[in-house]
Each structure stands twice: as structure tokens, then as C-alpha cells.
Amino acid sequence: MKIKELFSEKITVKIWDQYFRRVNRCSKTLDKDQQKELQLEIQDHLYESFKQETGDSEAVRLLNAIDKIGDPEEYIKPMVADRLLSSASRTLNPKTILKGLYYNIFEGIKHLFVSLFYVMGYLTAITFGSLAILKIFFPKNVGFFIYRSGGHAFGVIGDPINVRTEILGYWIIPIGIVLSLLLYFSLTRSLRVLKTSKKD
Amino acid sequence: MAEDEKIAKWESQVRKGMLDFIILMCLAKREFYGYELIKRIKDIAEINVSEGTIYPLLNRLKKDGLITSKWVEMESGIPRKYYKITVRGEKILSGMKEAWEKFSLSIDQFMEEL
């Protein structure tokens, strides 16, 4: 029986095909036999899970089953890295070893970049908040400055002697607070979404 | 509420850490296929994980020679992969059970002292 004959609605076949395009994309670095084996195993899982779903339309039942099995990008990548390294150690093929290492390192680098992004984001939020407070105590040294030379600076400066003008004045206090809060809440919210999606 | 969340998170981590052990215990009883196995694990251990996460684990256990698999043709046209424990897997499971008993006993004793 063909996959398309398992479903009665075209949209369900489309959803199925889309999901397995993602599965294929994630597992394309495997050799053809491994890729086929993985695809068949996930097909069996998804079809079985779909059959257990009750109520709703066929498409919704498939979407529910997809939701339960999760994103192939999440669960296949470690498996791909593992399989590549395993076949590399068997065949001693340097190309396969490099592929496996790339996958492992790529996951590590991705994690590092995400962490760096959030660290930088929170530091920027703290900086905006600090500028608002510092303006109260050092009004001449905090702001958006235009120098006589034509250059400009935003933040805290040491000696304002070469400054032609300061643009923001005390507006830097509400602007700093608003920017700081906006950045803090949007970063925290996105971090929560990121954590929840990983947990699920 | 924050305390409840913290406890739930800790409990989830403990349960996830037991996945290898639970998989081997299931397979020591009989053969399972992927979907059936994750359903059984969810029932026993009440673990809230994406079902797909079981496949990297099964793959690793197979690679380590603790379990083996075979394909069975199905009426749907999609073949099914069944997993079963190997002799090596049974030995490891037996060691895991002993370690678990020792560990849980020592934790029980420690809790009584508190």
C-alpha cells in the first residue's frame, strides 16, 4: 500500500509529505540505507500515533501526532552525529569522521552563539538602565554628544570640554528606562519560548 | 508556585536520566517497536518528552550492543522495527538494577537521618 492511500484527504497527504521533507533534509548527511531506515521508522511511528488519535479531522489528527513526535530538526540531529561518528569509527573514513565532528561542533557553536546573543542583549539592557541613573548624578557626562570635530558619542564620556552639543538632555532618562525595559522583557519572553520549545 | 516548578523540573530531570534503565527494563520483558515503547515509558515514568527523543537513545543502546532490532512487514506497507534486549544488555541491566537498589537504599537511609 502506498502512503497516499493511507489517507483520504489531500491536505493530510500534503502535511505528511512536508514533514518527511523535513526529515529527509535533516538526515541527508547519512548514507542512503541509514536515511531510508530512519525514515521508515519515523513513518511507522507517525502513522501509528495518527491512528491512535481520536475525533477531529484527519489532518488535525496527523498534526496532533506530529506535535507529539516533535521537530525532526531537534531529535534527528544528535542521531545523525552519532551515526556518522559510529560509521566513521567502523570505516575509518576521514570524510565521514569530519561530517560527524562538524555536526557535533555545529550544535555546540549554535548553542554558544545563542548564549552570547542573550548575554549581549541583557548587558545592553543594563547599560540603557544605567545611563538613565547616571544622568541624574553626572548630567554633563551622560548623553548623546556631538563633538566640535564632527564626531559623536552615546553614553558616558570623561571630559565634555570638546563637546559642541548634547542632543537628548534629560530625555535620556525616560528613553533609557523604556529601552532597558523593552529589551529586558522581549529577551526574557523569547528565552522562555525557547526553553519551553526545547523542553517539549 | 516557584517551588512547585522547581520540584517538577528536578523530578523531570531525574526521570529523564532513568530513560536508558527504563528502556532496558521494558525490553527485558518482551520485544517493542518505537511508538509502543515510548507509550509504555510515558505510562511508567510519566515523562513529558517529545516522542522522537527516544530514537537517538535506541540508536545509542543498539550501537553499544545492549539491544538489537529486526524489521517486520506490516499491512500498512510501512515496515516496523522491533527492538529486543541482547545478552550483553541483560547483564548491564542486572548491574543497573543492583546499582539502583544500592543508591535508593542509601538515599532512604540518608533521609531517615534527617
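Residue numbering restarts at 1 for every chain, and letters A, B, ... go by the order of the sequence lines.
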Is there a path from [X] to [Y] through hydrophobic residues (I, L, V, M, F, W, Y) whose side chains come within less than 4.5 Å of each other?
{"X": "A/I133", "Y": "A/L168", "result": "yes"}
{"X": "A/Y118", "Y": "A/L182", "result": "no"}
{"X": "A/L134", "Y": "A/L183", "result": "yes"}
{"X": "A/L40", "Y": "B/I67", "result": "no"}

Taking atom [atom1] of [X] and atom [atom2] of [Y], what is their separation to the nearest 0.5 Å?
{"X": "B/S76", "Y": "A/Y47", "atom1": "OG", "atom2": "OH", "answer": "6.0 Å"}
{"X": "A/D44", "Y": "B/W71", "atom1": "CG", "atom2": "CH2", "answer": "7.5 Å"}
{"X": "A/I69", "Y": "B/T53", "atom1": "CD1", "atom2": "OG1", "answer": "9.5 Å"}

May I ask you to check whether over 12 heavy atoms, not counting those of [X], lie within 6.0 Å of atom [atom1]?
{"X": "A/K14", "atom1": "NZ", "result": "no"}
{"X": "A/F154", "atom1": "CZ", "result": "yes"}
{"X": "B/M74", "atom1": "CE", "result": "yes"}
{"X": "B/L105", "atom1": "CG", "result": "yes"}

Residues 28-41 of chain B: residues contacting chain A (heavy atom under 4.5 Å, by number): B/Y33, B/G34, B/Y35, B/I38

Side-chain ion pair, B/E51 and A/K68, N-O less than 4.0 Å: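 The answer is no: the pair does not qualify as a salt bridge.
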
